[in-house]
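Data first, discussion second: the structure below is written as structure tokens.
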There are 2 protein chains.
Amino acid sequence: MSILSVAKEHLSADDIHIKLRKDYPGIGLATVYRTLELLVKRNLVYKFDFGDGRARYEIISDEKGKNHHHHLVCKKCSRVIDYNDFIDKEVELLQKTEKGLSQKYNFKITDHLIQFYGLCDKCK
Amino acid sequence: MSILSVAKEHLSADDIHIKLRKDYPGIGLATVYRTLELLVKRNLVYKFDFGDGRARYEIISDEKGKNHHHHLVCKKCSRVIDYNDFIDKEVELLQKTEKGLSQKYNFKITDHLIQFYGLCDKCK
DNA sequence: CCTTTGATGAGAACGATTATCATTTGCAAG
DNA sequence: CTTGCAAATGATAATCGTTCTCATCAAAGG
Ligand SMILES: [Mn+2]
Ligand SMILES: [Mn+2]
Ligand SMILES: [Zn+2]
Ligand SMILES: [Zn+2]
């Protein structure tokens, strides 16, 4: 099922529905939403909001974070670029920050969202 | 106009509409949306998505970033906590990261979004 | 006054997501 | 091989935040 999510990244529920129908012609959109909700709850899929009014889904392909990455979002053309180049330094700071915040606010941090906004090479 | 946005943070368009009607009884929801859109474009107001299906707005009270902060979002009760304790170190890394990303991807970064998700003290 | 132009409010339209409900499917007991 | 029952599914309606449309209003200037 979720195998088909591997195709391309940042797909909307409708994108996924259309792709799925090629292999499972009778599948309904409601089932797609229900399945995605489950996958998100089980931490198998990320659900993102890039500001265009529809949720985007991205598979989590490993359990150890190798696949983990952040996003550059173009404000003009809405293009989304994945990056994980600076994760090394980021991770270090993130861990410190998460630890500090957890203590100060007595908050159990399980996840984070980091996105940079601006203009991509084609738009600036 | 935007003076009234100072009231409390993380208000939805509807929240703002209700508050505004106390002083301007005839104001319409469309005008609220239109005004917010303008304020966001002019970088006077931030527009956030905390995952509850409605946009939240927050005034930017200064121009030099003193007011800038990030968010902790409780996945259970949807409470949002502002923090700026670790902003100093974050900003340092952010600048490095932004510089590196700008060069590598030829991407002009203008803004960023950082949110930590988890469970607040009351929910964990 | 009169005309023009931009702002406004009421309500319709829109679109993504969610809820409902009848039907189908899977599966195990009889 | 039936029967029964619970879970899954698909069609469709409902929901709800946001945007669009358009008639009306207000201000400005002549
Ligand atoms: Mn991605
Ligand atoms: Mn805030
Ligand atoms: Zn672009
Ligand atoms: Zn909470």
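Since the model is a prediction, treat every value here as computed from it, not as a measurement. The chains referred to below are lettered A, B, ... by the order of the sequence lines, with proteins before strands, and numbering in each begins at 1. The figures here come from the full heavy-atom set of this structure, side chains too, leaving out hydrogens, waters and symmetry mates.
- In this structure, the CG atom of A/Leu20 is 16 Å from the C1' atom of D/dA8, given to the nearest Å.
- Whole-Å rounding puts the B/Leu38 CG to C/dA7 P distance at 9 Å.
- For A/Asp23 and A/Lys19, the salt-bridge test fails: no basic side-chain N is under 4.0 Å from an acidic carboxylate O.
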Checklist entry - What string of B, S and - do you get for nucleotides 15-22 of chain C 5' to 3' if you count protein non-hydrogen atoms under 4.0 Å? => result -SBBBB--
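- The distance from atom CG of A/Asp49 to atom P of D/dG17 is 16 Å, rounded to the nearest whole Å.
- Looking at A/Glu58 and A/His69, their side chains do bring a donor and an acceptor atom within 3.5 Å of each other.
- What separates NZ of B/Lys41 from P of D/dT19 is a distance of 11 Å, to the nearest Å.
- Summarising the geometry, atom CZ belonging to B/Arg54 is positioned 12.0 Å from atom CG belonging to B/Asp49; distances are rounded to the nearest 0.5 Å.
- In this structure, NZ on A/Lys124 lies 10.5 Å from SG on A/Cys74, to the nearest 0.5 angstrom.
- Rounding to whole angstrom units, CD1 of residue A/Ile27 and P of C/dT25 are separated by 14 Å.
- A salt bridge is defined here as a Lys NZ or Arg NE, NH1 or NH2 lying under 4.0 Å from an Asp or Glu carboxylate O, and A/Lys108 with B/Asp121 fails to meet this definition.
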Item to check | Criterion side chain to side chain contact (heavy atoms under 4.5 Å, CB included) on B/Tyr57 and B/Asp15, from CA distance to verdict | outcome: CA-CA 10 Å; B/Tyr57 298 88; B/Asp15 292 337; over 6 Å; no
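- For C/dT8, neither phosphate oxygen OP1 nor OP2 lies less than 4.0 angstrom from any side-chain nitrogen or oxygen of B/Thr31.
- Protein atom CG of B/Asp15 is 10 Å distant from nucleotide atom P of D/dG17, rounded to whole Å.
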